[in-house]
Participant: 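Got a structure for you, written out below as structure tokens; questions coming shortly.
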Amino acid sequence: MKQNSMLAMILAGGRGSRLHELTNKVAKPAVAYGGKYKIIDFPLSNCANSGIDVVGVLTQYESVLLNSYVAGGSSWGLDARDSGVFVLPPREKSDANLNVYRGTADAISQNIDFVDSYEPEYILILSGDHIYKMNYAKMLKYHKENNADATIAVIEVPMKEASRFGIMNTDTQTGQIVEFEEKPEHPKSNLASMGIYIFNWKLLRKLLVADMKNESSNHDFGKDIIPTLLNDGKRLFAYKFKGYWKDVGTIDSLWEANMDLLDKKSGLNLDDRTWKIYTEDTPTFPQYIAETADVKNAYITQGCAVEGKVHNSVLFTGAQVGEGAQVLDSVLMPGAIVESGAVVQRALVADGVKIGSQAVVGDANSEHIELIAKNVKGVG
Amino acid sequence: MARALGIVSFSENHIWVDGLENYRSIGAFSFLGRYRVIDFPISNFSNSGIDRIQVYVRRRPQSLVQHIGTGRHFNINSKSGYVQIMFTDSQEENDYYNTDVKAYMSNLEHIENTSNTHVVIAPAYMVYTQDFDALLKTHIESEADITVLYHSVDNAKEAYQNCYCVNLNRQKGVESFERNNGKLKNRNIFMDTYVMKKEVFIDLLKEAQKTSSMYTLRMIINDKCSEMDIRGVAHRGFFAPITDFKSYYDGNMSLLDLKTAKAVFNDSWPIYTRTNDSCPTQYFETADVKRSFVANGCMIEGTVENSVVGRECVIKPGAVVKNCIILTNVVIGEGVHIEGQVVDKNARVTKMKEILADPEMPGYIRRNDIV
């Protein structure tokens, strides 16, 4: 079933080093989130729900696990004929040497052959490390209505935080972008770029070919491609997105994004049956809450077994909390085990890590969230 | 290359689960909030390396067909293997004619045409785990004609009423199959599970059909006990046959103990099911949950005790759910107190503030009902 003429490319190249040990073995998009998901489930599910059939995932860091995770695309229903998810690490080609992706734009440039093979009219560029739900088909409609050359999704941020973002200054009547400022000291608007772009492929292709040869270029969408388009007097439009959107680039923000699931007012709800977030299925029993458990304000998924106290926390697939243990304001990633009597507070316990009996980790008064990436021995 | 064809059989005519079975066959019943009963036999096959599986359905196939789908979620090689649903498109005037033998005979060419040398037959209405590859090896080494699985129990007086028992001699030879009459405490409950050569199976089917048009596979094998070498193998571990409403209720309830559950569900023997892509379950400030299994996609603001809660259920503040099995997408309204009930899919319990039953005689709330 051919659904539309837009192909999506997810930029997942960054290591995400601010996530420390969480990205030691996997690329950032493969980091677990929200109980049963991985970060990349969000852009992939958005694509699937928006009727996009072909998605390229551009990565150069630890792509093996990510590749086996998305391979086939069946978890997101992206496995019909003419459909698929493709992990695209840098490749050696007959006419080019093996080269790392030098920037976000270069990652697309090096895959022009891949994009061309689908002959798309439009290309959607996404970043692989944001949590949000968005209908890209609506954005494409807006793009077409404006007869735009490029459309950039923007979100309103508090004015005082605007200097941390790439800011779009627009014609308030038409939404046409007149200026783009990367992290401006004195922002003129609060419309922050979400790193989501739609381009007419023919135009972008031409720019990318030129950009590849330009030795002074950073080969970056924000720094090079967008300014070039503006200089050339092209029609760029800002597509205002309303809803939950979060960059999960740090331990604190990853923890916050998980905590947002506990708050119905955060705007992030994953129980919308018309916009499901799909993920890999795992064969585990449902969650078990024992006689001795005390569970309040918690987000818990299948395979978990809770015999202790879990307050204001998110438990990922297969996490275990022993009798008398306390998990407070914390995130337990897949398979994390908190043994009996242990206390975990304001912490993020990494995949499969065991907190031994009676051990205490994290601190109720800490400014930052503690990442527990190694087993902690029990006490006594 | 698996030597055996896996066959998932349906229940005999004396088995009926009130309420639930009006809507679907027992294999399609929800189990422990997340599974369907048939996930157990199919996963047992899949984990045993048996990847050609025929599922026989007698009536109301819709739920089962939807659940099994392509069969891919059962981890079966999609090229060399399959999960095939076999219909018996008969509209007999009397249900007694709708036997398993008739179902197999009307699909005989699909059984004959497989390259498998043996068949393993397991029922769609019993929950247990069993390595069928090991059972097949035992069968072949013993040189018996037929091997059947049984489970020794010490409470056959009060439970297993609709089950059959195997009477064994000292060499574990099967002397006869007998309906559990509730007179003896200790019995070997027949698990409706057989291993035999494919040609033996086909010969038995033909003979059954000649003997009586209402004969079942168990009946013809019972007749053969003296002339054939039929052996019993004891099953160990969790066993829950679903042969009436009470056994469905008890089967779920008996897993509400973490140790028991962990023995059934472990990484080396996954039980596969079809995902619904529900998000995790949210427990609110007012939630109070004890000794319960909860599936994904629920919103829990009330009290849940000693219960099984299926996918995407809503338990409102002040609601009290005790000793209940709640199926998918049920709403238990504010201040509703409900005990000892099986609440079928999509029901909304909001107006009646008290529906109480003893777990010894659990109640049933109909599918899609508003009460």
Participant: Which of residues 312-332 of chain A have a heavy atom under 4.5 Å from any heavy atom of chain B?
Facilitator: A/Gln320
Participant: Report, by ascending residue number, the residues of residues 292-305 of chain B in heavy-atom contact with chain A at a distance under 4.5 Å; give 'none' if the set is empty.
Facilitator: B/Ser292, B/Phe293, B/Val294, B/Ala295, B/Asn296, B/Met299
Participant: I'd like to verify something: which residue of B/Thr275, B/Val309, B/Thr281, B/Val308 has the highest number of heavy-atom pairs under 4.5 Å with chain A?
Facilitator: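 If we count pairs closer than 4.5 Å to chain A, B/Thr281 comes out on top.
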Participant: Give the C-alpha distance, both sets of side-chain angles, the deciding distance and a yes or no for side-chain contact (heavy atoms from CB on, under 4.5 Å) between A/Trp255 and A/Asn258.
Facilitator: CA-CA 5 Å; A/Trp255 177 87; A/Asn258 277 291; 5.8 Å; no
Participant: Let me know if B/Asp39 has heavy atoms under 4.5 Å from chain A in its side chain, its backbone, both or neither.
Facilitator: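 Neither part, no heavy atoms under 4.5 Å.
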Participant: Would you list the pairs meeting salt bridge (charged side-chain N to carboxylate O under 4.0 Å, His left out) in which at least one residue belongs to residues 266-278 of chain B, sequence neighbours left out?
Facilitator: none
Participant: Tell me which of these, A/Asn297, A/Ile277, A/Leu270, has more heavy-atom pairs under 4.5 Å with chain B than the rest.
Facilitator: A/Asn297
Participant: Is it true that A/Tyr132 and A/Trp275 have ring centroids separated by less than 6.0 Å?
Facilitator: no
Participant: Under a 3.5 Å distance rule, please check whether A/Lys133 uses its side chain to pair with a backbone N or O of A/Asn269 as donor and acceptor.
Facilitator: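 Yes.
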Participant: What option among A/Lys276, A/Gln287, A/Glu291 has the most heavy-atom pairs under 4.5 Å with chain B?
Facilitator: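 The option with the most such pairs is A/Gln287.
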Participant: Side chain, backbone, both or neither: which part of B/Leu258 has a non-hydrogen atom closer than 4.5 Å to chain A?
Facilitator: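 The answer is both parts of B/Leu258.
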Participant: Taking B/Asn306's backbone N and O only, do any of them form a donor-acceptor pair with B/Lys290's side chain (distance below 3.5 Å, no angle check)?
Facilitator: no
Participant: Please evaluate residues B/Asp257 and B/Thr260 with respect to the criterion side chain to side chain donor-acceptor pair (under 3.5 Å), reporting the C-alpha separation (whole Å), side-chain torsions for both, the decisive distance (0.1 Å), and the verdict.
Facilitator: CA-CA 5 Å; B/Asp257 168 72; B/Thr260 314; 2.7 Å; yes
Participant: Do you know which of B/Leu256, B/Asp288, B/Thr273 has the most heavy-atom pairs under 4.5 Å to chain A?
Facilitator: B/Leu256
Participant: Check step by step if side-chain contact (heavy atoms from CB on, under 4.5 Å) holds for A/Asn49 and A/Tyr278.
Facilitator: CA-CA 10 Å; A/Asn49 289 328; A/Tyr278 302 108; 3.5 Å; yes
Participant: Select one option (side chain, backbone, both, neither) describing which atoms of B/Ser278 are under 4.5 Å from chain A's heavy atoms.
Facilitator: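 The answer is the backbone of B/Ser278.
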Participant: Give a yes or no answer on whether the side chain of B/Glu285 reaches the backbone of A/Lys296 with a donor-acceptor pair at less than 3.5 Å.
Facilitator: no
Participant: Angle between ring planes, B/His151 versus B/His235, binned at 30° and 60°: parallel, tilted or perpendicular?
Facilitator: tilted
Participant: Would you confirm whether the ring centroid of B/Phe132 sits within less than 6.0 angstrom of the ring centroid of B/Phe45?
Facilitator: yes
Participant: Please lay out, stage by stage, how A/Phe42 and A/Met134 fare under the test side-chain contact (heavy atoms from CB on, under 4.5 Å).
Facilitator: CA-CA 9 Å; A/Phe42 285 78; A/Met134 182 172 179; over 6 Å; no
Participant: Count the heavy-atom pairs under 4.5 Å between each of A/Ala290, A/Ala293, A/Gly34 and chain B, then report the option with the highest count.
Facilitator: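 Most heavy-atom pairs under 4.5 Å with chain B: A/Ala290.
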Participant: Ignoring hydrogens and angles, state whether a donor on the side chain of A/Asp41 or A/Tyr69 is under 3.5 Å from an acceptor on the partner side chain.
Facilitator: yes
Participant: Taking every heavy-atom pair that is under 4.5 Å apart, which of A/Asp271, A/Leu262, A/Ile300 has the most such pairs with chain B?
Facilitator: A/Ile300
Participant: Tell me whether A/Gln302 contacts the main-chain N or O of A/Lys36 through its side chain, where contact means a donor paired with an acceptor under 3.5 Å.
Facilitator: no
Participant: By a 4.5 Å heavy-atom criterion (distance strictly below it), what part of A/Ala305 contacts chain B: side chain, backbone, both, or neither?
Facilitator: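 Side chain only.
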Participant: Are the side chain of A/Asp247 and the backbone N or O of A/His130 linked by a donor-acceptor pair below 3.5 Å?
Facilitator: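 No: the side chain of A/Asp247 does not pair with the backbone of A/His130.
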Participant: So, B/Tyr248 and B/Ser30: side-chain donor and acceptor under 3.5 Å apart, yes or no?
Facilitator: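 The answer is no; no qualifying pair exists.
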Participant: Short question: side chain of A/Asp351, backbone of A/Pro334 - any donor-acceptor pair under 3.5 Å?
Facilitator: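 Such a contact is absent between A/Asp351 side chain and A/Pro334 backbone.
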Participant: Taking B/Asp51 for its side chain and B/Ile76 for its backbone only, find out whether a donor-acceptor pair lies under 3.5 Å.
Facilitator: no
Participant: Going through the checks in order, is the side-chain contact (heavy atoms from CB on, under 4.5 Å) test met by A/Tyr136 and A/Leu126?
Facilitator: CA-CA 10 Å; A/Tyr136 306 129; A/Leu126 304 168; 3.6 Å; yes
Participant: Any residues in residues 312-346 of chain B near chain A, with a heavy-atom distance under 4.5 Å, and which are they?
Facilitator: B/Glu312, B/Asn329
Participant: Please rank A/Thr284, A/Thr292, A/Asp272 by heavy-atom pairs under 4.5 Å with chain B and give me the top one.
Facilitator: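 Between A/Thr284, A/Thr292, A/Asp272, the count favours A/Thr284.
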Participant: For the aromatic rings, using the six-membered ring if either is Trp, is the centroid distance between B/Phe238 and B/Phe40 under 6.0 Å?
Facilitator: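 Ring centroids of B/Phe238 and B/Phe40 are no less than 6.0 Å from each other.
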Participant: Between B/Arg72 and chain A, with a heavy-atom cut-off of 4.5 Å, which part of the residue counts as in contact: side chain, backbone, both or neither?
Facilitator: side chain
